[in-house]
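Written below as structure tokens is the structure these notes are about.
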Amino acid sequence: MKVLKFGGTSVGSTEAVKNLRLIVEREKENDKPLFVVCSAFSGITNSLLEATEEALYNRDYQSILDGIEQRHYDMIKETLPVSVQNPLLMLVKGNFNILEDLLSSVAHLGELSDRTKAKIVSLGEQLSCPIIAAYLNTSMPAEFKDARDLINTNSNYLKAEVNFDATNRNIQQWAQNLENKVYVVTGFIATDKDKVTTTLGRGGSDYTAAILGAALNVQEVQIWTDVNGFMTADPRLVKNAYSLEYLSYQEAMELSYFGAKVIYPPSLVPVISKEIPIWIKNTFEPEHQGTMIHVEREAHDKALITGISSINNVALVNVVGTMIRLKGFSARLFGTLSRHDINIILITQASSEHSISFVVASEDVAKARLAIEEEFHSEITTEKLQHPEIDTNISIVAIVGERMKKTKGISGKLFSTLGKNSINIIAIAQGSSELNISTVISKDDLTKALNVIHDAFLLSPVKTYHVFCAGTGNIGQEFLGQIFQEADNLIEKHKIEIKVLGIANTRKMLLANGSPVNIAGWKDQLEKKGLQADLKTFIQEVKKYELPNTVFIDNTSSKFVVEEYENLFRNNISVVTCNKISNSESYAQYLNLKHLAAKNGVSFLYETNVGAGLPIIKTLNDLVISGDEVVKIEAILSGTISYIFNNYTGDRTFEEVVREAQELGYTEPDPRDDLNGLDFSRKMLILARENGLPLELSDVNISNFLPEACLKADSVEDFYKELKNSEPHFASYKEQAAKENKKLRLIGILENNEIKVEVMLVDNTHPFFNLSGSDNIISFTTARYQNTPLVVKGPGAGASVTAAGVFADLVRVTTL
Ligand code: ADP
Ligand code: ASP
Ligand code: MG
């Protein structure tokens with residue numbers, strides 16, 4: 001046998017009840033009764049409470065009642081054939097007469113007892129369930145059953161405690177004479193021993209289903225709601241929340257106790273001892289497998305925590321004073337609170353034992369203050385204890401998971417995640433089960449906290465990078481193209497999603513407006529919808545998002561963009577850059593940027609500063625980190641000059657070859673930057689710094705290959721003109737190389753803390769002789785690689801390999 005429970009939204013509309021019927025038809029076993037527990041139609045419980053409140057203060061409650069009544073008439077008319085409508089219309093009418101009488105008494109008396117409130121609010125289920133039963137009965141035998149005949153409670157009318165002995169007896173007795181039918185049972189409501197109506201607390205229909213399921217020892221309880229199961233966090237607050245396949249009872253209990261409304265926490269109690277599984281499923285997407293809640297089992301997914309939840313309507317009470325150190329103080333404090341029926345959600349005590357903080361529901365806070373002031377009246381008067389301090393602007397965020405027990409460092413990670421995102425932790429508590437760590441934070445930080453924690457613990461199966469791209473030149477365009485091409489593959493194979501939130505070049509900028517930029521048509525959109533470029537506004541926008549894994553990509557060669565890095569790091573934004581300027585201006589700036597990135601727990605990646613996509617910086621870092629000592633670095637790091645030298649053979653002039661290199665995208669935007677050796681020098685300088693040397697650009701010795709006139713050219717065109725004029729100068733190198741059977745190479749050497757960059761003629765015994773196209777080569781002679789140096793070789797220029805290197809850096813971005 002099974003029990004199916006349908007919540008408010010699953011019975012709130014004709015569309016929903018049609019789905020409900022299909023689900024019930026599918027779940028009904030041939031030879032067994034099926035139990036269907038339903039809530040009031042969506043929103044009705046709240047509306048009944050609202051009407052009651054209006055009546056209490058003698059305001060207009062009638063219009064609310066009329067609305068509620070009409071919803072029931074509409075549902076009857078929309079779902080039932082006319083022939084069976086009458087008894088239900090009468091039932092609704094009869095109940096609304098009762099309701100009007102009750103509310104009119106409340107209004108007249110200006111008084112409202114819990115007992116009357118329970119009676120009023122219980123009508124939602126008393127109305128919805130007979131209608132659902134009649135509707136189901138049109139296609140299969142179905143009968144209405146009022147749970148007040150079955151569930152017996154104490155007289156705590158609004159959140160009554162179940163008397164399980166009596167209840168189980170009633171249910172089992174009833175079950176003896178059941179037919180092979182669907183029984184539609186009212187959720188939420190019960191009676192006390194005097195047959196007065198009580199309720200099981202808000203959300204209590206889940207509990208009804210569990211009570212029924214446990215009493216009948218059913219094979220499973222299914223909770224049908226409006227989301228795809230129990231999710232890693234409240235989907236209304238956490239965008240990346242996703243549904244969990246499996247949860248242990250304890251995890252579900254902790255998460256729901258700390259605010260996951262999807263199941264009412266007491267519901268788990270009756271089923272745990274019988275190990276009856278609870279399924280959470282979606283009425284609106286019945287094919288989705290949903291979540292199974294059952295006994296603990298070895299986690300099959302890798303997330304460190306299972307879920308996050310939060311409670312909002314709570315207050316922190318802080319009790320401070322010297323007397324707290326005295327033995328027996330806590331017993332007196334909590335004894336008092338317990339006598340006043342105040343539930344304590346969380347307690348923490350500072351190790352100095354000078355204060356105790358605890359959290360209670362907002363509705364209990366005034367009562368708690370009074371209780372403490374009364375109990376400790378004389379101590380407060382003699383200043384051994386201060387008046388309780390109360391903070392109502394707080395929320396509790398709890399992370400929950402069975403795996404936390406076995407893993408160290410979770411709380412450290414939680415705190416650094418919050419700290420890094422400037423979220424102040426007011427108090428913390430960890431239950432002794434180690435299944436839950438709770439933090440008290442300001443209510444204003446709640447949504448941000450939930451989202452950053454969610455991402456930090458890699459709850460999302462898909463890691464999302466939020467990317468802002470500066471520069472749409474050759475590399476920028478290529479990079480965006482690669483993101484677009486790889487998008488599906490990245491999600492499917494690597495669980496990585498890249499959302500581009502902004503693109504800017506020197507003229508225009510395109511900013512995501514709610515949804516990310518559609519990269520397929522970025523060029524068109526940038527032209528048509530782009531605003532006038534303004535770097536400051538663009539950076540402002542990057543900072544505004546405050547999303548985890550925000551990465552600024554610098555595909556420019558502008559120093560103005562580099563000036564913003566500091567600002568970005570301070571705002572916890574990672575930077576991936578192919579712009580060499582950041583690391584090759586002053587050593588102080590280089591150090592400062594690295595330091596700031598590390599301090600703020602973000603990445604600063606620039607592999608493409610040297611050798612485009614080749615793993616040069618990474619290799620050097622690995623050597624240094626593993627304790628090797630670099631003796632000498634020799635390198636050809638200008639793909640441009642390699643290309644030019646390799647192609648400057650035969651009849652073509654030097655100027656023609658340079659022009660071709662520029663057309664192929666092998667040069668810097670200004671080819672002079674390559675040919676004057678400056679770009680190469682910057683790369684050598686970066687390598688020296690990565691190797692721990694505090695050198696400056698002025699320390700690089702370049703022996704220049706270009707004639708003065710070329711170096712002095714004012715514009716790119718003038719430069720080409722001068723190259724043409726200097727052809728004899730270049731030709732002499734070419735001829736000498738040809739004569740000696742050597743090759744022209746521009747080689748950088750780092751040795752004895754010095755950097756040289758010079759043109760050399762190398763013969764065929766030299767390892768740099770055989771280098772084709774725009775290849776780079778770098779050779780590391782180290783203590784370990786003494787006789788045979790470690791060599792990295794490959795294409796070291798070109799938009800596509802550089803963009804691929806930027807891309808690789810992007811997916812290496814990690815945040816604390
Ligand atoms: P019902 O009316 O079906 O009982 P509820 O509104 O009581 O539905 O509970 C379902 C809602 O709980 C979802 O719509 C969702 O907004 C909210 N919710 C909060 N936390 C979670 C969570 N961790 N997983 C799923 N839903 C959650
Ligand atoms: N109708 C009740 C409520 O809204 C019970 C439930 O829906 O579970 O709290
Ligand atoms: Mg509910």
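For ligands, and for the atoms within them, numbers begin at 1 and follow the listed sequence. Count residues from 1 along the sequence.
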Shortest non-hydrogen contact from L48 to G124?
CD1-N, 3.6 Å

Which pair of non-hydrogen atoms, one from Y73 and one from L89, has the smallest distance, and what is that distance?
CD2-CD2, 3.4 Å

Cationic tip of K117 above Y157 ring, under 6.0 Å, 45° of axis
no

With a 3.5 Å distance limit and no angle check, can you tell me whether S243 reaches the backbone of G290 through a side-chain donor-acceptor pair?
no

List in chain and number order the residues that pass salt bridge (Lys or Arg N to Asp or Glu O under 4.0 Å) with K145, two or more places apart in sequence or in another chain; answer none if no residue qualifies.
D149

Counting neighbours of NZ on K2 that are heavy atoms of other residues, nucleotides or ligands and sit closer than 6.0 Å, is the number greater than 12?
yes

Can you tell me which residues line ligand 2 if we count any heavy atom under 4.0 angstrom from one of its atoms, in chain and number order?
S39, T45, E125, F188, R202, G203, G204, S205

Parallel, tilted or perpendicular: which one describes the rings of H294 and Y249, with boundaries at 30° and 60°?
perpendicular

Can you pull out every salt bridge (charged side-chain N to carboxylate O under 4.0 Å, His left out) where at least one residue sits in residues 156-166? Sequence neighbours excluded, please.
none

Below 4.0 angstrom, N of the basic side chain to O of the carboxylate: do E434 and K405 qualify?
no

Dump the pairs for me: ligand 1 N or O, protein N or O, distance under 3.5 Å, to 0.1 Å.
unit_1, atom_1, unit_2, atom_2, d
ligand 1, 2 (O), G8, N, 3.1
ligand 1, 3 (O), T225, OG1, 2.7
ligand 1, 4 (O), K5, NZ, 3.1
ligand 1, 6 (O), K261, NZ, 3.0
ligand 1, 8 (O), T225, OG1, 3.2
ligand 1, 14 (O), D226, OD1, 2.7
ligand 1, 14 (O), D226, OD2, 3.4
ligand 1, 16 (O), R236, NE, 3.0
ligand 1, 23 (N), M231, O, 3.0
ligand 1, 24 (N), M231, N, 2.8

